[in-house]
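Below is one structure, written out as structure tokens, with a few remarks after it.
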Amino acid sequence: MFDTLSDRLAATFKNLRGKGRLSEADIDATAREIRIALLEADVALPVVRAFIKQIKERAAGAEVSQALNPAQQVIKIVNEELIGILGGETRRLRFAKQPPTVIMLAGLQGAGKTTLAGKLGLWLKGQGHTPLLVACDLQRPNAVNQLSVVAERAGVAVYAPEPGNGVGDPVKVAQDSIEFAKSKQYDVVVVDTAGRLGIDQELMQQAADIRDAVSPDEVLFVVDAMIGQDAVNTAEAFRDGVGFDGVVLSKLDGDARGGAALSIAHVTGRQIMFASNGEKLDEFDTFHPDRMASRILGMGDMLSLIEKAEQTFSQAEAEQMASKLASSKGKDFTLDDFLAQMEQVRKMGSISKLLGMLPGMGQMKDQINNIDERDVDRTAAIIKSMTPAERQDPTIINGSRRARVAKGSGVEVSAVKSLVERFFEARKMMSRMAQGGGMPGMPGMPGTGGGAGRQKKQQKQAKGKRKSGNPMKRKAEEQAAAARREQGGVPGLPSGEDAKNFELPDEFKKFMG
């Protein structure tokens, strides 16, 4: 969503690099470029004005003029101001002292409230809670049925006593759900309310009545991040008409320009608490302003990547895999282990999204977007078509075995051969890293180990034959070397007339085409 904004900001900062001191003209030009980038991203004009004012004031101050690297200092200022307009610190859910905690969802029709109720339910379940989803959207056709399906997929309970489709009293359903939750010992109640295609009095009144009936601990306003400037206007109307405590951004993975995310917290004074960035129920998480600012500026989001890894990989599994790679030059690491690792990485989410969290990957957007997620499935199919013995020792996979595996997995024989070769290369590299040998091709890198011996050997080889200390003998050696150079000779190979008649041995001729 923020690709265009990220590209414009990256180009702006690139112009600053290499300058030892920033003049007032440089600061004005940078501020102008940032202003254009924000306006093109559909950020609200009042937010842009406040943002640019802060940047110009701070950039003209001592923190930049006295800095050793003014360009980096400006980037730091932009990063801090982005965090500020995105809400500052991460806002967490407030839970009631006496359960159940009541969370009410509000927003326009089409914002994704019902799907988001399921995502929130699954997230709460993962946090150790027992949520109950309540169907209070009784106007929209099949809204009750949709919530029931979403709840079933999320593995959480649903309270839907009315069929919906215009039948039932949503305020009574909301009231009764609290008593039902208490009797069944659900500690969080998520109330899904009705929306409209636009703001109207009936919508506001119904939302206010449900709010008064259940006294929610949190009212979350769900907004479609793709609707741009209108998201801010809708948020202001809901804030004044019903009131809400936090914002949830849905469809953050869309191709819109992202201005709503950068505007809504600043304009409404309510922080963004959650973000939904995909269609799957698990593509939902807490919104961190600092991490989002880091992504926008192309600095990655390593903290979120580490959290995803910690949720997927256990410490015991990681240690077991590391010991396999470190022992016997990694030969204990088999294709079964490789498949298990690959499937666990897949559980973390889309490969392209994971790569996008790495710092500097903004320069490789095209390559990341062209990644075929189905390649992982094809690789898994090839490995699963092998026998246990072949997975344990891939060296036994000969031509006939490759043909059988290829037929079983529905791929070409060359794909099986390529996978086995890539596995050996990957195992060798991972084993070397696990043993502290550093990355191949980078001997002696600080902190990687294993390079000092190679460096000494290379230095010794570079010295070659020592020169004689006798001036007469040294002069004779130099004359002999000059004569060889003139004849185009190389020590150890024939030169002069002999070189013209020299032929390679038959064993080498086949490599020369």
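None of the values given here were measured: they were computed from a predicted structure.
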Under 4.0 Å between a side-chain nitrogen and a carboxylate oxygen: does that hold for [X] and [Y]?
X      : Y      : value
Arg94  : Asp245 : yes
Asp28  : Arg32  : no
Glu218 : Arg91  : yes
Glu81  : Arg58  : yes
Glu283 : Lys119 : no

Worksheet entry | Side chain proximity check, Tyr159 to Val173, heavy atoms < 4.5 angstrom |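 The answer is yes, as the side chains (C-beta and beyond) meet within the 4.5 Å cut-off.
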Fill in: 4.5 Å side-chain heavy-atom contact, Val78 and Ile55
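Yes; the side chains approach each other to less than 4.5 Å.
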Fill in: Parallel, tilted or perpendicular: rings of Phe423 and Phe338 (30°, 60°)
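Phe338 and Phe423: perpendicular rings.
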Practice prompt. Over 60° means perpendicular and under 30° means parallel, so classify the ring planes of Trp123 and Phe274, tilted if in between.
Written response: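 Ring orientation, 0 to 90° scale: perpendicular.
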Using only atom types and a distance under 3.5 Å, with no angle test, would you say the side chain of [X] pairs donor to acceptor with the backbone of [Y]?
X      : Y      : result
Thr101 : Ala96  : yes
Asn165 : Gln139 : no
Ser250 : Ala111 : yes

Fill in: Glu57 atom CD, over 12 foreign heavy atoms within 6.0 Å
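Yes, the 6.0 Å shell around CD holds more than 12 heavy atoms from other groups.
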Discussion item. Around atom CD of Glu152, are there more than 12 heavy atoms from other residues, nucleotides or ligands closer than 6.0 Å?
Written reply: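 Count not over threshold, so no.
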Worksheet item: Rounded to the nearest 0.5 Å, what separation is found between the OG1 atom of Thr286 and the CD atom of Gln127?
Response: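 Separation between the atoms: 7.0 Å.
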Worksheet item: Atom CD in Glu33, atom CG in Leu38: separation rounded to 0.5 Å?
Response: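 That separation rounds to 11.5 Å.
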Practice prompt. Indicate whether any N or O donor in one side chain lies under 3.5 Å from an N or O acceptor in the other, for Thr193 and Arg211.
Written response: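 The criterion, which ignores hydrogens and geometry beyond distance, is not satisfied for Arg211 and Thr193.
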Worksheet entry | Qualifying residue for side chain to side chain contact (heavy atoms under 4.5 Å, CB included) with Ile103, from Val219, Asp217, Leu93 |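 Running side chain to side chain contact (heavy atoms under 4.5 Å, CB included) over Val219, Asp217, Leu93 with Ile103 returns exactly one hit, Leu93.
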